[in-house]
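Reviewing the structure listed below.
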2 protein chains.
Amino acid sequence: MRAMAAPGLASARRHLRNEPMIENRPGSVSAELIAVLVAVTAGTPRVLTIAEGTSLPSGPLSPEHRSLQAGTRSWVERQTHHPLGYVEQLYTFADNDRNAALGGFGRAISISYLALTREQPKTLDGGASWRNWYDYFPWEDHRQGADLPAPLPAALRAWAQAGASPAERRARKQRAAIAFGLEGRRWNEELVLQRYELLYEAGLVSEAARDGIACHTTPAPRLGHAMRQDHRRILATGIARLRAKITYRPVVFELMPPSFTLLDLQRSVEALAGQLLHKQNFRRLVEQQALVEETGQMAGATGGRPAKLFRFRADILQERAYAGTKPPLPRA
Amino acid sequence: MRAMAAPGLASARRHLRNEPMIENRPGSVSAELIAVLVAVTAGTPRVLTIAEGTSLPSGPLSPEHRSLQAGTRSWVERQTHHPLGYVEQLYTFADNDRNAALGGFGRAISISYLALTREQPKTLDGGASWRNWYDYFPWEDHRQGADLPAPLPAALRAWAQAGASPAERRARKQRAAIAFGLEGRRWNEELVLQRYELLYEAGLVSEAARDGIACHTTPAPRLGHAMRQDHRRILATGIARLRAKITYRPVVFELMPPSFTLLDLQRSVEALAGQLLHKQNFRRLVEQQALVEETGQMAGATGGRPAKLFRFRADILQERAYAGTKPPLPRA
DNA sequence: CCTATTTATGCTCAATTTGAGCATTACTGG
DNA sequence: CCAGTAATGCTCAAATTGAGCATAAATAGG
């Protein structure tokens, strides 16, 4: 054991002494940047895709990029022709399966970013399109009733029953209950990734079939639109991160137009969270946090009493973006 | 603009069609894994270092690693000779400055991980050592009074005053106030990275001097121990993440021995948070969350009334680790 | 044995925060 | 004028949080 420890430390120290590594370039990989670019348009959360909605936009990391974030920013801006408001690193994946895809050039690393914008008309390059993210995750939208898509409850039961041992069956059952808010538990909108991964393991999404994972329901349900590689998993990661983020940091603002009504703002938050919020409490929260101020103008035809228009307060926003807000923005 | 957009999309699509990229291997980098390995021993939060405490352990990503996390796990375990409880990806950095350090092999990517363990006696390889993390961030420990290290308040004022324009001076002042809880604001223990970055920009840490950043205080204070490259920034990222995490996920448990008193547990949380907690409220929280159960035994000489020993409840723990806890664990 | 000291543990209380709902106001379209 | 639809103002009870008082059970020293 002791002897085995040496190589790791040794090469770490070589780094530190600025000596180049000779031994066949260990750690050499190719790197690509993948973006989960989100906008909310007309109350629908949308994500930028390419290849008929089957891929997230991605591009190789290039030497001229000053930094990873700058790289992401630069080529996403090239594609969408407008600046990104908010960019945040999501996760880094290394996929051994991609060796083949890269012509034997060693392993590939994908560094994914979450970015927020407003959708601009007619700026997309051919092939790119905005898609409702609930096309990929229909079970995540609880704005119209909390019912899961039809085949899900039975399919989850079948999966739990297919466990090899009683202990595994119990564990599966509990896991499904937590993830999907079954058995009297409440739905937790932040468990997007956990739900996707469970469905993958249970063979209920096409990617699982593609990767040779069995399903215990016939005919096998294939929930939501599939994506190539693990892009849907990355999208799930992005959605989960965004849902968590809006509860403690005022990032919704990046998704809103310069002025908006409080209901507009609420609808956007609801679109992201996939859940409806209590209107009066939402207002109370927003107002008490003093994140917005009246523009003095009123919104046109809302269908009822006209609403005041608001804008964000730049000063407060900066502070909150930096330090976060104490009281959460939404809450089921 | 349109024309420029093509390359990004084109190479993204090439990925998707499984075509190898020819053009001089764009995106080829070397990758290393860096670990922020944390333990809490005798009420002190400690981090594993190498090279006399000036570096975090790091090693190249190697082809035999199944995944990034497995890679981190494997060589950290080799060095410390015991299994890691919890491993979580922290952040991925690409540093152009490292080109030289790698002998012109192109850019280097560092993928950092946060890992939690208990310190085991005598298992370290030569050169590695556990260090109190407050050696690197003395301003982060508020357990004995909330006073900042002596030169800080004046140095922060000097930095704010050195802003080029009135607007910049105001912005700097506000930023310092938010980060360090000045001007009647409360200290936010999660802003570890923001504070380190501010001190770096203000020239108040050695790394800034190394990188040629000016300081507006003489003699220039050099707060805390320095580390090589950007390892101190990575450590700050890890501490910030851990401080945030313990408020909504029961990760402290990875740092505790099999049985412990409630005060032991509280001291560990306090060590991480850098702040003291109200004892009775801490108990109330832990008990109400039902995360622990009595072992039936009592702790020996505590100096006063003997305390009950507790252990974690495996069942609840699993669930919480998966879904998170609603009520936060500590709270200033 | 008695006392001061130290820590564990049980319990109370007021201030906030949260979740939910009622009531009123101000528009639009018949 | 009336019905329908939102916006907006307010109230209320439950739950959570922050702080402190009181008591119990040990140890060390006289």
Side-chain angles (χ1 to χ4, degrees), chain A residues 42-43 142 146 186-189 246-248 259-270 273 275-310 324-332, chain B residues 42-43 142-143 146 186-189 246-248 259-270 273 275-311 324-332:
Chain A
H142 284 222
R186 44 179 284 189
W187 176 262
N188 181 342
E189 75 270 8
I246 51 172
T247 68
Y248 64 92
S259 78
F260 49 83
T261 69
L262 292 182
L263 187 58
D264 290 340
L265 184 60
Q266 183 179 349
R267 293 282 174 252
S268 292
V269 172
E270 289 174 341
Q275 275 194 308
L276 297 180
L277 302 171
H278 182 105
K279 191 178 199 166
Q280 294 93 322
N281 291 349
F282 180 81
R283 289 172 160 270
R284 175 174 64 189
L285 200 56
V286 171
E287 279 168 2
Q288 128 196 338
Q289 295 201 160
L291 296 173
V292 299
E293 61 192 3
E294 299 181 13
T295 64
Q297 300 191 294
M298 305 294 278
T302 55
R305 173 174 169 175
K308 290 178 190 164
L309 284 173
F310 290 82
T325 64
K326 263 189 303 296
L329 196 55
R331 188 57 83 80
Chain B
H142 284 220
R143 286 174 297 174
R186 44 179 286 187
W187 175 263
N188 182 341
E189 75 269 9
I246 53 172
T247 68
Y248 64 93
S259 77
F260 48 85
T261 69
L262 292 182
L263 187 59
D264 290 339
L265 184 60
Q266 183 179 347
R267 292 283 173 251
S268 292
V269 173
E270 290 173 339
Q275 275 194 307
L276 297 179
L277 301 171
H278 182 107
K279 192 177 197 166
Q280 294 92 323
N281 291 348
F282 180 80
R283 278 169 174 276
R284 175 174 63 189
L285 199 56
V286 171
E287 280 169 0
Q288 129 196 337
Q289 296 201 160
L291 297 173
V292 299
E293 63 192 1
E294 300 180 14
T295 63
Q297 300 191 294
M298 304 295 277
T302 56
R305 173 175 169 176
K308 291 178 190 163
L309 283 174
F310 290 82
R311 76 169 77 86
T325 65
K326 262 189 304 294
L329 196 53
R331 189 55 82 82

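Chain identifiers are assigned alphabetically (A, B, ...) following the order of the sequence lines, protein sequences preceding nucleic acid strands; residue numbering begins at 1 within each chain.
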Of the listed dA8(C), dT8(D), dA20(C), the closest approach to the R283(B) side chain comes from dA8(C)
Hey, does L262(B) reach any base, or is it just sugar-phosphate, or nothing, if we go heavy atoms under 4.0 Å? nothing
Contact string for nucleotides 21-30 of chain D, one letter per nucleotide 5' to 3', B = base within protein heavy-atom range under 4.0 Å, S = sugar-phosphate only, - = neither, reads B--BBS----
For P306(A) against A299(A), the heavy-atom pair lying closest together: CB-O, 3.8 Å
Nearest-Å distance for atom pair CG/P, residues L309(B) and dT7(C): 17 Å
L285(A) atom CG is separated from dG19(C) atom P, nearest whole Å, by 9 Å
Please state how far atom CZ in F282(B) lies from atom P in dT7(C), giving the value in whole angstrom units. 17 Å
Think K279(B) has a side-chain N or O under 4.0 angstrom from the OP1 or OP2 of dT9(C)? no
Please name all residues satisfying side chain to side chain contact (heavy atoms under 4.5 Å, CB included) with S259(B), sequence neighbours left out, ordered by chain then number. T295(B), L309(B)
Check the distance between dC27(C)'s P and L263(A)'s CG and give it to me in whole angstrom. 17 Å
Whole-Å gap separating C1' (dT8(D)) and CD (E294(A)): 11 Å
If you pin R284(B) and F310(A) to their nearest nucleotides in DNA chain D, which one's is more 5'? F310(A)
Partners of R143(B) by side chain to side chain contact (heavy atoms under 4.5 Å, CB included), sequence neighbours excluded? P45(B), Y134(B), D141(B), E270(B), A271(B), L276(B)
Can you confirm whether more than 12 heavy atoms, excluding those of Q297(B), are under 6.0 Å from its CD atom? no
For D264(B) and N281(B), find the nucleotide of DNA chain C closest to each by heavy atoms; which residue's nucleotide sits nearer the 5' end? D264(B)
Taking atom P of dA7(D) as reference, at what distance in whole Å does atom CD of Q266(A) sit? 9 Å
Are any non-hydrogen side-chain atoms of F310(B) and V286(B) less than 4.5 angstrom apart? no
Looking only at non-hydrogen atoms, find the nearest pair between Q275(A) and H142(A) and report the distance. CG-CB, 4.3 Å
Within this structure, what is the CD-to-C1' distance between Q297(A) and dA7(D), rounded to whole angstrom? 18 Å
If I compare all heavy atoms of Q266(B) with all of L277(B), which pair ends up nearest, and what's the gap? NE2-O, 2.9 Å
Without decimals, in angstroms, what is the distance between E287(B) CD and dA8(C) P? 13 Å
